[in-house]
S.K.: 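Got a structure for you, questions after.
Each chain gets a letter, A, B and so on, in the order its sequence line appears, and its residues count up from 1. What you are looking at is a predicted structure, and each value in this text was computed from that prediction instead of being measured.
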There are 2 protein chains.
Amino acid sequence: MISSIAELIADRIGTMPASERRAAQTLIASYPMIGLKTVAEFSAAAGVSSPTILRFVARLGFQNYPEFQSSLQDELAAQLQSPATRTLNPPSPGGGTVSPMLEATLDNMRETFRHLSDKQLADIAARLADRRGKTFLIGGRFTDPLARYMAAHLAIIQPDVFHLAGQESMWRDRLIDMGKRDVLVIFDIRRYQDSLVRFAEKAHQRGVQIVLFTDQWLSPIARFARHVIAGRTAVPSAWDSSAALFVVAETLIGAVTRQLEAKGAKRIREMESLR
Amino acid sequence: MISSIAELIADRIGTMPASERRAAQTLIASYPMIGLKTVAEFSAAAGVSSPTILRFVARLGFQNYPEFQSSLQDELAAQLQSPATRTLNPPSPGGGTVSPMLEATLDNMRETFRHLSDKQLADIAARLADRRGKTFLIGGRFTDPLARYMAAHLAIIQPDVFHLAGQESMWRDRLIDMGKRDVLVIFDIRRYQDSLVRFAEKAHQRGVQIVLFTDQWLSPIARFARHVIAGRTAVPSAWDSSAALFVVAETLIGAVTRQLEAKGAKRIREMESLR
DNA sequence: GGAGCGCTGTATCGTATGTTACGTATTTTG
DNA sequence: CAAAATACGTAACATACGATACAGCGCTCC
């Protein structure tokens, strides 16, 4: 079973003429970076001519050079997405259901946060902590609980936090209350819901700032969003995982709380004494 | 100190116009792969025009698109050579808010699952997949979203799944429907809610089997529970984290789904066709 | 030692790609 | 509310890139 281009090359390098072999060795030596550059650069690095590179690529079974490059990129993308797979780990002995699920989830989180800078989170937190406007939260079929979870926390530490529940027509009526200074937090992962997209668009038209929690394929709502958080969702299960987004949400809740505490913990103390 | 293009983007994304921001977000979402493709593909993926991509690249300080791509490639090459350096976000020594939060959460999950055997999960999953009785889910102030999340999934793959929402008096009225063959899934972490404890006790008296999701200090409901899942909740934040419980919930959802699929995926296929 | 075959590079060609100019739409400012 | 500035996309353009045809060279095998 040949799964990578490197293996493919190792398999066929024996049958190649001298110049193509030099090309192959050059590629392997700095795999796969040289292959992502132009034919001219590749040929120069290998010390052969351009047509030799093209013949080499053709011999590997590719129709043309761009197709070869795409293949390399896909391979690279797969590696980058699952750091665990990089080490060619056997996927857990015994086939228990727990371990792969947990491992995938942990990877998802690391990967999600890898694409998320402190600054980005701080910006969003600042926006949420800015009390000149209101905060609305809403989610899709499976993610609405995340919106509720976040709303439950935010509503305690500051006023004017609303979770949009119920039917579509209900949200729409709330649109009239929304304006430029307000923030709308939307959770939307595949399959993306048309109703949410429509709602986001209308809110966007009213100047509402949208913070979108979505998956790595980006909900169409990203078009209207001021801030986009893309979480990894792939796990060995029939369902997508929202765990990474959940953790981001918790992180944000913590950050907002800290910012408000800095400003003055009056409200929080009041809240405590009311219990 | 800015060392990667991703940081550069995070730094300047605030000063960008809307369309360029879309480009930036698209790039970050699948960093850095889309940046290695052609301008046309990049622009299509971001839903903007080619010139916008070029302006975006120019704003980052590159003379032209190829220069930008080379820079991405160099970065990638450096990463591939030293897997240890793969941290896109430098470990943020000191005041960084993200890293400690994430690390603590990951630790919580590992620790939670360390105390959770495959068998235990399989037993609970089997109990939830057993369709001779009904399934009820309920949660506390902050954990009710978790109950909703789980209910949203379970309700799809099997009938008779009910999330108990609203006021305490509402749940109590549902008690009359509950019996020996039924399962009650309760989420309850500190501070434990008296109302939930009372409810759990009454359900227990009626012979309902209780599955409890709680924290490591165990809600008093544990006294009445058939199964107890104790998740770690401590994080460097003003709030406790429910992330570990969330992941356990997802794992259970996956396990139940698998068991039902084994029995016969008729319902699931029907469900799909109804959409 | 000569004829045939395969390998390789040079030169040329067509085209996909990045680039730029310009007009329209949108937002901002006085 | 008008005017200016900015943002954005359409369309035309130039170039750099991959592809191909062809000729020279070396090797092998009769």
S.K.: Would you check if B/F56 and B/L27 make a side-chain contact, meaning some heavy-atom pair closer than 4.5 Å?
M.R.: yes
S.K.: List for me each residue that meets side chain to side chain contact (heavy atoms under 4.5 Å, CB included) alongside B/H153, sequence neighbours excluded, and say none if there are none.
M.R.: A/F142, A/W239, B/Y149, B/I253
S.K.: Under 3.5 Å, sequence neighbours excluded: what are the donor-acceptor pairs made by side chains of residues 34-45 of chain A?
M.R.:
unit_1: A/K37; atom_1: NZ; unit_2: B/Q73; atom_2: OE1; d: 3.0
unit_1: A/T38; atom_1: OG1; unit_2: A/E41; atom_2: N; d: 3.2
unit_1: A/T38; atom_1: OG1; unit_2: A/E41; atom_2: OE1; d: 3.4
unit_1: A/S43; atom_1: OG; unit_2: A/V39; atom_2: O; d: 3.2
unit_1: A/S43; atom_1: OG; unit_2: A/A40; atom_2: O; d: 2.7

S.K.: Is a donor on one side and an acceptor on the other found under 3.5 Å between the side chain of A/R131 and the backbone of A/L128?
M.R.: yes
S.K.: For DNA chain D, which nucleotides open and close the run of contacts to chain B, 5' to 3', at under 4.0 angstrom from a non-hydrogen atom?
M.R.: D/dA7 to D/dT10
S.K.: Take atom CZ of A/R59 and atom C1' of C/dG6, then tell me their distance rounded to the nearest Å.
M.R.: 11 Å
S.K.: Listed by chain and number, what are the side chain to side chain contact (heavy atoms under 4.5 Å, CB included) partners of B/A10, not counting sequence neighbours?
M.R.: A/S117
S.K.: List the residues meeting side chain to side chain contact (heavy atoms under 4.5 Å, CB included) with A/Q167, not counting sequence neighbours, and say none if there are none.
M.R.: A/S169, A/M170
S.K.: Please check: side-chain N/O of A/S70 versus main-chain N/O of A/P66, any donor-acceptor pairing under 3.5 Å?
M.R.: yes
S.K.: Is the terminal nitrogen or CZ of A/R174 (NZ for Lys, CZ for Arg) located under 6.0 angstrom from the six-membered ring centre of A/F162 and within 45° of that ring's axis?
M.R.: yes
S.K.: Can you check each nucleotide of nucleotides 11-30 of chain C against protein heavy atoms at under 4.0 Å and return B for base, S for sugar-phosphate only, - for none, in 5' to 3' order?
M.R.: ------SSBB----------
S.K.: For A/F68, give me all partners under ring pair (Phe, Tyr, Trp, His ring centres under 6.0 Å), at least two apart in sequence or on another chain.
M.R.: A/F62, A/Y65
S.K.: Do A/R127 and A/D123 sit within salt-bridge range, that is, some charged N less than 4.0 Å from a carboxylate O?
M.R.: no
S.K.: Between A/E75 (side chain only) and A/I5 (backbone N and O only), is there a donor and an acceptor less than 3.5 Å apart?
M.R.: yes
S.K.: Within residues 203-210 of chain A, which residues have any heavy atom lying less than 4.0 Å from an atom of DNA chain D?
M.R.: none
S.K.: Got a sec, which residues hit side chain to side chain contact (heavy atoms under 4.5 Å, CB included) with B/A165, two or more places apart in sequence or on another chain?
M.R.: B/R148, B/H163
S.K.: When you measure from the side chain of A/E201 to the backbone of A/F224, do you find a donor-acceptor pair of N or O atoms at a distance under 3.5 Å?
M.R.: no
S.K.: Quick test of your reading: applying salt bridge (Lys or Arg N to Asp or Glu O under 4.0 Å), list the pairs with at least one residue in residues 47-62 of chain B, sequence neighbours left out, ordered by first then second residue.
M.R.: B/E20-B/R59
S.K.: Using five pairs at each end of the helix from C/dG1-D/dC30 to C/dG30-D/dC1 to define an axis, what is the angle between those two axes, to 10°?
M.R.: 30°
S.K.: So, A/T233 versus A/D215: side-chain donor-acceptor pair below 3.5 Å or not?
M.R.: no
S.K.: What parts of residues 22-29 of chain B reach DNA chain D, counting only heavy atoms under 4.0 Å away?
M.R.: none
